[in-house]
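What follows is one structure encoded as structure tokens, with my remarks underneath.
Chain naming here is simple, since letters A, B, ... match the order of the sequence lines and numbering starts at 1 in each. All figures in this text were calculated on a predicted structure; none of them were measured in a lab.
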There are 2 protein chains.
Amino acid sequence: MAEDRRQAGAGRGVTMRDVAERAGVGLATVSRVVNGTSAVTPELADKVREAARDLGYRHDATASSLRRADRRTDTVALVLEDVANPFSSALQRAITDAASERGVLVLSGSSDENPIRERDLVETFTARRADGLIVVPTGRADDALRAAQSFGTPLVAVDRMVELAGVDTVTVDNREGTAAAAERLRAAGHRRVAYFGDQPSIWTAGERLAGFFDVFPQTPAGPVCRGLTSVEQAEQTAREALAAPEPPTAFVSGQNLITIGIRRALQEAGLEHRIALVGFDDFPLADLLTPGVSVIAQDPAQLGREAASLLFARLDGYEGPARHTIVPTRYIARGSGEIPAPAG
Amino acid sequence: MAEDRRQAGAGRGVTMRDVAERAGVGLATVSRVVNGTSAVTPELADKVREAARDLGYRHDATASSLRRADRRTDTVALVLEDVANPFSSALQRAITDAASERGVLVLSGSSDENPIRERDLVETFTARRADGLIVVPTGRADDALRAAQSFGTPLVAVDRMVELAGVDTVTVDNREGTAAAAERLRAAGHRRVAYFGDQPSIWTAGERLAGFFDVFPQTPAGPVCRGLTSVEQAEQTAREALAAPEPPTAFVSGQNLITIGIRRALQEAGLEHRIALVGFDDFPLADLLTPGVSVIAQDPAQLGREAASLLFARLDGYEGPARHTIVPTRYIARGSGEIPAPAG
DNA sequence: TTGAAAGCGATACCAT
DNA sequence: ATGGTATCGCTTTCAA
């Protein structure tokens, strides 16, 4: 009860100076005890800790970082496309875990594929003096990235390559992964294969489309649609493709939402067992649908770990040339990609 | 080119003092221009901005907050259960959006339902001087929450109630929502209904179970399993329930992963069209499965917006009693919940 | 080992 | 409207 009273309203406003006074020691000694840096007589240390407890003292990381020689804030920032999307949140989770092992916190924001928001976020995060930045770049705000870099903030691009010297990157083998999946369709007899992908300004979209073209270079292969960004849009476009005189016998999708949109259109037309579908990027429950959706799966957690590892290497003093890590994708056969082309 | 050169290596280490010197004005004037607080002669202001640009000056939010009267960091922190889970990430997204409208950044971390991690996160976030905290409480680290509160950091609990005076909360109508869904099953003739929920220490789990008991109070209603935490565990347990001599004719699930686990077991046994299933919390693709999975849907984005609104009200000076917002759930009929009890 | 004092970069007050 | 200056809470020499 008395304890509660003493602490009530305490905390905010209690400084090391107050603790020092109460413990009858110097300010510097309190700092030493709190940070556990240099040795302090156990007896004194106890007095300090007691005073700190009594006063409800909370170390102020803000002020600490301001004065510290390395000026570290022990914070890294994350610019995602959209946290609410499972790929992004898995990425965030992996990075946060890696950071938290080092006592580093993570700030994050979503660009929504909008370069203006990306620029905003990068600038805000640098103003907050994040120790480093991990960005899923839209590809259209590289100036902001360069600015952050020239300011001295280490930068890692994840998921997508970026046209900037000195930036470490982590990507998956988009082109090879897509080509391998397309090749399976070709081997299963498919000749009219549609490719649905998103905005070509996104690096991954370009790579995946290139992988598709590696296998189906010719126009009659089937309709190629880019710039798809939502489930609804993909669904509508797929519906139209299915209504064409010679509809595709298989679909390749460059992205999660598009895969789902195509599948919706397929189910609506009752064609999910007749027309093949392979999507890039796995999604929950893909295996519970009938038939299961075959995908080119990437491992976002692995991507996140690699990105964190590259960033922390920089923070630990690595000054070498930019490194580019490529994480392999993996084809998961669940049925929808194994539907053969109709005979004839 | 010359521009680039001038900025190369600039930035880090450039202070307002440097800008002031270069612009030939006082330090205070630079501060005024940067913050746009009091008026400055346009001519001078331009000189300052030019000097800042030339030097690659970046405002230091850290130092700023240290000196500012209100000591605001313009940062709020978020303690989630697990960012990688769609409910949490939708919550984070909504909160981040609300925050960003006010120029506020958000730090976040996952407790994984572990009170020790929750305590850790709350303490770290307070040390970083977050202006406020939004927490999905495990229910077993309330001491840490109280500490943060007594330190003066406004606190909002979201998704779950917390046994602490003065904490604003946002929850959904767990009990009523579950009861309403259970009532539908009862009306459809179901008498042996199983309830699968997660750890009873979680507030929502208790509420939902209570809602179920409101409708099926008797033991012979069906097996009641608590403490389920993963898809696999739920699947295994459901499998066992189905193998019993008198298996349930319907399942009610208290949570996402459990719903999916039950559904897997059902599909494995080929019973998804014969045995009813209603889950709490919606999930992507629930409608694409056949039959679609009926759910008691909550709106995490709405929860997030309400939480942000309560927190910002506190930051804007609201000092009244704690407020408790309840966001309604909504039953979505997709088929699996509309399977009637077998005749006889 | 300990304490005094000098800043970290910025804001806010007080003169001018 | 502008400049000087005293802090904000802490870390880090530098002496003692």
Residues forming a side-chain contact (heavy atoms from CB on, under 4.5 Å) with B:D112, sequence neighbours excluded: A:R93, B:D82, B:S110, B:R117

CG on A:L107 to CG on A:L105, rounded to 0.5 Å: 7.5 Å

B:R323 NZ/CZ over B:Y318 ring centroid, <6.0 Å and within 45° of normal: yes

DNA chain D: 5'-proximal contact among A:N35 and B:S38 (nearest heavy atom): B:S38

Distance-only polar pair, side chains of A:R128 and B:T75, donor-acceptor under 3.5 Å: yes

Nucleotide D:dC8, atom C1' - distance to CG of A:D60 in whole Å: 9 Å

Touch class at under 4.0 angstrom, heavy-atom based, for B:A20 against every strand present: nothing

Within 45° cone and under 6.0 Å: A:R49 NZ/CZ vs A:Y57 ring: no

d(CG, B:D74; P, C:dA10) in whole Å: 16 Å

Nucleotide nearest A:L44 when distance is taken to its side chain, options D:dG9, C:dT2, D:dT12: C:dT2

Spacing between A:E21 atom CD and D:dC10 atom P, to the nearest angstrom: 14 Å

Side-chain N,O (A:T41) to OP1/OP2 (C:dT1) below 4.0 Å: no

Any A:L315 side-chain heavy atom under 4.5 Å of A:P154 side chain: yes

Between D:dC10 (P) and A:D70 (CG): distance, integer Å: 17 Å

Pairwise 5' ranking along DNA chain D for A:H59 and B:A63, keeping only the more 5' one: B:A63

Base of C:dG9 paired with side chain of A:R71 (donor-acceptor, under 3.5 Å): no

Contact residues, residues 24-31 of chain A to DNA chain D [heavy atom, < 4.0 Å]: A:L27, A:A28, A:S31

Between C1' of C:dC8 and CE of B:M16, the distance in whole Å: 14 Å

Rounded interatomic separation in angstrom, taking CZ from A:R32 and C1' from D:dT13: 10 Å

Rounded interatomic separation in angstrom, taking CZ from A:R72 and C1' from D:dT11: 16 Å

Side-chain donor-acceptor contact under 3.5 Å, B:T138 with B:E118: yes

Atom-pair distance (CZ on A:R68; C1' on C:dG7), nearest Å: 16 Å

